[in-house]
Amino acid sequence: MMTAMMSRNRPKMAFALLAGKLYVAGAFLEAVAAAGIARGAARLLLVPGDPMGAFVLAVIGAIFLYGAYELRSGLDEGVAYLYVGIALALIFGMIYLLALGASAADAALTGDVYDPLGGMRPGLYLAVVPLAGGLAWRDRFDIKGIRL
Amino acid sequence: MAAVERYRIALAGNPNVGKTTLFNAMTGMHQHVGNFPGVTVERRSGRATRDGVELEVVDLPGTYSLTAYSLDEVVAREYIVEERPDVVVQVVDATNLERNLYLTTQLMELGVRVVIALNMADLVDARGDFIDTVRMREFLEIPVVRTTAVEGAGVEELIATVIAEARLGPHHEHEIGYGEALEVSIADLERILARDPDIERRYRLRWAAVKLLEGDERVLEGLVGSPVEADVRSFLAGVDQVEVEAIMADKRYEAINAVLPHVCSRCVPRMTASDMIDRVLMNRYLGIPIFLALMWGAFELTFTLATPFSTAIDMGFAWMVDAVNANMEPAWLASLLGDGVIGGVGFVIVFVPNIFILFLLISFLEDSGYLARAAFIMDRLMYKLGLHGKSFIPMLMGFGCNVPAIMATRVIEDRRDRIISIIVTPFISCGARLPIYVLFAGAFFGRQAGAVIFSLYVLGIAAAVLSAKLLRRTVLRGRPSAFIMELPPYRLPTLRSSARHMWEHGSMYLRKAGSVILLGALVMWALASYPAGVEYGSSESYAGMVGRAIAPALAPLGLDWRIAVALLFGLVAKEIVVSSLGVLYGAGSGDGASLSDGLQADSGLHPLNAYGAMAFTLLYMPCIATVAVIRKETGSWKWTLFALAYGLALAWTVAFAIFQGGTLLGFGR
Ligand SMILES: Nc1nc2c(ncn2[C@@H]2O[C@H](COP(=O)(O)OP(=O)(O)OP(=O)(O)O)[C@@H](O)[C@H]2O)c(=O)[nH]1
């Protein structure tokens, strides 16, 4: 029974681990860039130096990793961390997307040149990963009744 | 021989949870059986001695609740209220936590020291369950000891914990909250009861108030002959006690059901979404970081999303100023309309999108049930910092407007707790201060604007919290009382109700723009234009004279006379800081340049002193409406003046530290 439960949770655990590592790596790069180290490489990866952005990524990453840890220890409730991590990652992805749209609209109004890559950041493009997870497990996210 | 250390212990619990077995295990052979006074309910008492400490243990009748519906309940309750045992040990059947914890919530309310004996631990283990006693203690603020009474297991640890608890001075407590409306009734009733010192001596006021609202006849009988009896009766006449009793029972179960999934793996048959979300958002280590991240996200969105709307409004006003300047005769009228009305009010309207978005996001967080969780997460920290847990919600409301926030401190019964909250609430950055941050941060910090604004909110919170600690240590000594916890289930906020909240608060801001702010802008315009013949907004104008008079006080902060005048007028309403700057800088240039361009061009401001100016605006003095409500709610000019002087001193010190410290570190220009 125990092994059946663990194999059922294996894909979720692997996913949480992957998402967690990606977000923590993103947080690390953003923090490093914020400290002024390796700016060029960071810019290549579309990582701005933003301490608060790094903090947010680190929090989301920690949630995923904690979920992976609980799932690995056979605790079924670890999925809560996976789902809530996905939800938070998407919320922040949405915040950055809205910001991107808003600055495009602003540029259109003022006639300034608009650089879409300038608004790119790990919090936005990394959200593709949780988005895929959210779609894969979308039957667990019931919007109206908050069901998860 | 030294005086013996003696404590009186009562064993309470639901029927059949193993109280008698535990009582025997604790007291051994030293027992005495009699009756409780006046009734034929058996009273067993016994003695236990450990390391020279003597415990007198009384076994109370088993009850599910502490209402006055059965003789057993009355006996148990009277014993606790009248005899005031040093510690009440609640024996809990660990295999049936939900029902047993209902009694716990009532014991918490009685204000006695409680220790939970989590009995039948053997049965819990046998069915493969796990109960997290550490987490349980964190949620209830009650020590929890696992026992298996039939085997005598855990009994020594229980006795040691009881002794430690009896020795401990007053400490943090949690209680169940009953929702805003009932909490106000409870506090009002407590204030009536407090007028009779005799009642205050006999009962814990919150408990008595709750019981009276629930329609408890025994407590009401206890008031016969008291000078406040008539007032209490007339207060209760307006209360539907049957309904209140039902609501209160619901709230107790709501809190229990929010706690259970955190402490016990099998207590809930299936975790609901609410439980799952809670596991993460209230995680011991991740809870506070998640809260900070969400707050930061809210402010980031407040700033970025509003930008195109603000730009559009700004462009519209700039166009109007140009049109007025080009076509309007005579020149003074053009200046009045262009510089005064449009410059002053327009530049405030520009920030309406920010304010609307902030309110929308705050009501999202509130309606979803998250803010109540945030209060809980922050409570321990708040307690350590000397703030009353209840003051967290008023402080959160303060993000909208300080006036209702200060009024909301009415739910805090203790006068000292309340005055502390009132004094520190104005440091919480209200919506009216947002335009100033948006303006300055946008002009001087570019892409970091969101983070800068967030940091100001954090600064406000830090100022409030540290001030509370300082006040608690000095002029308002004492201990904060229990935290009232409410843990409603999560709900998806509806756009409709959030939009309504947003409109209620946002429209207030618009009305203000049409009245106080317009008036302030006109006065500012007049001061900037006269005496006749001076260059508009120059240092020879009246505004300049006023500004130069107070500028020396602000010079150490790196701020010039124009900022000084704006800050002075900002006392009326903080938005006026922006509108004054609009009058002085923005429209004055006449070529339709935006206010932030004007500021960058010639205010002598750069990121460092701009940040200092924002910090100063945040802390220096609440607006007139807030001062009035402080006076009203403290009922004292002394405390009002103290709050003002304290705020001003703090603001100056902080801005000074930012500017001078930053300059030393090489951040100056
Ligand atoms: N398995 C197990 N059984 C227990 C434990 N403690 C008590 N019991 C049993 O539970 C039953 C009730 O115990 P009592 O001590 O009579 O309970 P009580 O709370 O005093 O009951 P009332 O006096 O009716 O309120 C007895 O059969 C005890 O043997 C325990 O820790 N584990």
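Hydrogens, waters and symmetry mates are skipped; everything else that's a heavy atom, side chains included, is used.
Ranked by heavy-atom pairs under 4.5 Å with chain A, the first of B/Ser455, B/Ala306, B/Gly297 is B/Gly297.
We find the CG-CD1 distance between B/Leu294 and A/Ile95 to be 7.5 Å, quoted to the nearest 0.5 Å. Between atom CZ of residue B/Arg279 and atom OH of residue A/Tyr83 there is a gap of 13.5 Å, rounded to the nearest 0.5 Å. Separating the CG atom in A/Leu98 from the CG atom in B/Leu305 is a distance of 5.5 Å, to the nearest 0.5 Å.
Contact between A/Val79 and B/Met276 at its shortest, heavy atoms only, is CG2-SD, 4.2 Å. Considering every non-hydrogen atom in both A/Val56 and B/Ala293, the closest pair reads CG2-CB, 4.1 Å.
Atom CZ of B/Phe445 sits in a crowded spot, with more than 12 heavy atoms from other residues, nucleotides or ligands closer than 6.0 Å. Summarising the local packing, OH of A/Tyr69 is surrounded by 12 or fewer heavy atoms from other residues, nucleotides or ligands at distances under 6.0 Å. Heavy-atom neighbours of B/Tyr457 OH from other residues, nucleotides or ligands within 6.0 Å: above the threshold of 12.
When side chains are defined from C-beta on, A/Ile63 counts as touching B/Ile290, because their heavy atoms get closer than 4.5 Å.
Taking the six-membered ring for Trp and thresholds of 30 and 60 degrees, B/Trp296 and A/Tyr96 have ring planes inclined between 30 and 60 degrees apart.
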Name the atoms and distances for all side-chain donor-acceptor pairs under 3.5 Å in residues 282-289 of chain B, with sequence neighbours left out.
from, atom 1, to, atom 2, distance (Å)
B/Asn283, OD1, B/Tyr285, N, 2.7
B/Asn283, OD1, B/Leu286, N, 3.0
B/Asn283, ND2, A/Tyr81, OH, 2.7

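Side-chain contact, A/Asp106 with B/Thr311: a donor N or O sits under 3.5 Å from an acceptor N or O.
For chain B, the nearby part of A/Leu88 is the side chain; its heavy atoms alone come within less than 4.5 Å.
Listed by chain and residue number, B/Arg127 satisfy the salt bridge (charged side-chain N to carboxylate O under 4.0 Å, His left out) test with B/Asp129 (two or more places apart in sequence, or in another chain).
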